[in-house]
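Here's a structure for you.
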There are 2 protein chains.
Amino acid sequence: MILSRGAGYAVRAMIDIATVANGGVAITREVATRQDIPQVFLTKIVQRLAKGGLLEAHRGAYGGVRLARPAADINLRQIVETIEGPVLLNDCLIQPGKCPRESTCPIYDVWLEAEEKLLETLENCSLAYLAERSKELCSKHSG
Amino acid sequence: MILSRGAGYAVRAMIDIATVANGGVAITREVATRQDIPQVFLTKIVQRLAKGGLLEAHRGAYGGVRLARPAADINLRQIVETIEGPVLLNDCLIQPGKCPRESTCPIYDVWLEAEEKLLETLENCSLAYLAERSKELCSKHSG
DNA sequence: ACTAATAAGACCTTATTTGTCATATTATTA
DNA sequence: TAATAATATGACAAATAAGGTCTTATTAGT
Ligand code: SF4
Ligand code: SF4
């Protein structure tokens, strides 16, 4: 499997925060309960998301986390890469010149293209869309 | 990184076999030397490729491995999946219904689309193309 | 029989992921 | 200032997977 569990948790948490506490503050522990994510693990993920500039965290009473920017300005690629680091199909895509075979390697370009297609799809998916769609699906499912 | 080293070795080995021993038989140990792949590890990879129906292996003196079908009928996705198993962006893509949240999950479709784009690119890349391109690049580089 | 090759599987080492625990820090409120 | 409610941080542990080695069996040609 390509994505780590942490990345999946991160996306679900971001959607939860965007959906439930629209513009407001969410409490990590409650997100964990709602989304059925191991609590302490989620705090780690939230920390990374905060460090990565996707969330703002405030400590102390009445603290919590909120989106650092509008949901429309956050996309799936950003969330995934904040948790996983750069998504690379193969080593050589980190930096040209790393692999000694590169100049005669017929695969390099194919990896590159495949990776670009993948990332493009994730990039075109905004958190705003996901949150909206989540609401739709939930109301359809319960109604 | 998404691809395991084994998958990269597998692709390079397949190109080597397709290029050097066109239609004929290649010896695993020599492939390993040429491609700078740990020998014993490559035998494992070759075994998996043979089990997966991409290579034919013949034991005994004057044995070796050869492509089980024409290089044009082998594509990059097949090679990668023979080594890695199915390439899945997320757990839930293995079998619909596995994740209890699926019916209200807004992400499922996005994972699916991203995965399809990735696999499509690999599918469109045949071993014949890779072998051809490899020859081109090598002669260009040495000439 | 001898030799050259793959097949198979046990095994080991290391790295990563997933997760827990304990403790520190910060901000609010009374 | 003390109590409380929240995140921050870092050490740690367990589970899993990746990368690689070693040994032995099997097969086929000479
Ligand atoms: S051999 Fe080609 S695909 Fe493999 S690491 Fe080097 S450049 Fe990349
Ligand atoms: S929550 Fe959605 S994306 Fe995550 S495993 Fe379930 S269906 Fe898949």
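Order of the sequence lines sets the chain letters (A, B, ...), proteins ahead of strands, with each chain counted from 1.
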Notebook entry, point to check: When you check the phosphate oxygens OP1 and OP2 of dT7(D), does a side-chain N or O of Thr28(A) lie under 4.0 Å from one of them?
Noted result: yes

Checklist entry - Do Lys44(B) side-chain and dG19(D) base share a donor-acceptor contact under 3.5 Å? => result no

Quick note, Pro38(A) side chain, CB onward, closest among dA7(C), dT20(C), dG19(D) is dT20(C)

In whole angstroms, the gap separating C1' of dT18(C) from CZ of Phe41(A) amounts to 5 Å

Testing dA5(C), dT18(C), dA8(D) for proximity to the side chain of Arg59(A), the answer is dA8(D)

note: Arg66(B), atom CZ; dT6(C), atom P; distance rounded to Å ~ 13 Å

One should read off an interatomic distance between Leu54(A) CG and Arg69(A) CZ, to the nearest 0.5 angstrom, of 5.5 Å

Q: Would you classify Ser4(B) as touching base, sugar-phosphate or nothing, given that sugar-phosphate means primed atoms plus P, OP1 and OP2, and contacts are heavy atoms under 4.0 Å?
A: sugar-phosphate

Test side chain to side chain contact (heavy atoms under 4.5 Å, CB included), reference Leu122(B), set Val87(B), Leu76(B), Ile79(B), output is Leu76(B)

Tyr108(B) versus Leu93(B): any side-chain heavy-atom pair under 4.5 Å?
-> yes

The answer to which of Val40(A) and Tyr62(B) contacts DNA chain D further toward the 5' end, by nearest nucleotide, is Val40(A)

Here the gap from Leu118(A) atom CG to Thr121(B) atom OG1, rounded to the nearest 0.5 Å, amounts to 9.0 Å

- Is there a donor-acceptor contact under 3.5 Å linking the side chains of Gln35(B) and Asp16(B)? yes

Atom CZ of Arg5(A) and atom C1' of dT16(C) are separated, to the nearest Å, by 13 Å

At under 4.0 Å, does any side-chain N or O of Arg48(A) touch on OP1 or OP2 of dA8(D)? no

### Query
OP1 or OP2 of dA5(C) less than 4.0 angstrom from a side-chain nitrogen or oxygen of Arg29(B), does that happen here?
yes

Among the nucleotides dA7(C), dA27(C), dT7(D), whichever has the atom closest to the side chain of Ala61(A) is dA27(C)

5'-most contact on DNA chain D (nearest-nucleotide basis), Gly63(A) vs Gln47(A), goes to Gly63(A)

Rounded to 10°, the helix from dA1(C)-dT30(D) to dA30(C)-dT1(D) deviates from straight, judged by its five-pair end axes, by 10°

Between CG of Leu3(B) and P of dA18(D) the distance, given in whole Å, is 12 Å

Correct closest heavy-atom pair for Ala13(B) and Leu42(B) would be CB-CD1, 3.9 Å

Of Glu113(B), Glu120(B), Glu115(B), the one forming a side chain to side chain donor-acceptor pair (under 3.5 Å) with Lys117(B) is Glu113(B)

With the side chain defined as heavy atoms from C-beta on, Lys51(B) is closest, among dA8(D), dT20(C), dA8(C), to dA8(C)

What I want to check is whether the side chains of His141(B) and Ser103(A) have a donor and an acceptor closer together than 3.5 Å. yes

Rounded to whole Å, the CD1-P distance (Ile45(B) to dG20(D)) equals 9 Å

Taken to the nearest whole Å, CD1/Ile27(B) to C1'/dT6(C) is 11 Å

Heavy-atom nearest nucleotide on DNA chain C taken for Val46(B) and for Gly6(A); more 5' hit belongs to Val46(B)

Whole-Å distance, Leu55(B) CG to dA7(C) P, equals 9 Å

When rounded to whole Å, the CG to P distance for the pair Asp91(A) and dA18(D) reads 15 Å

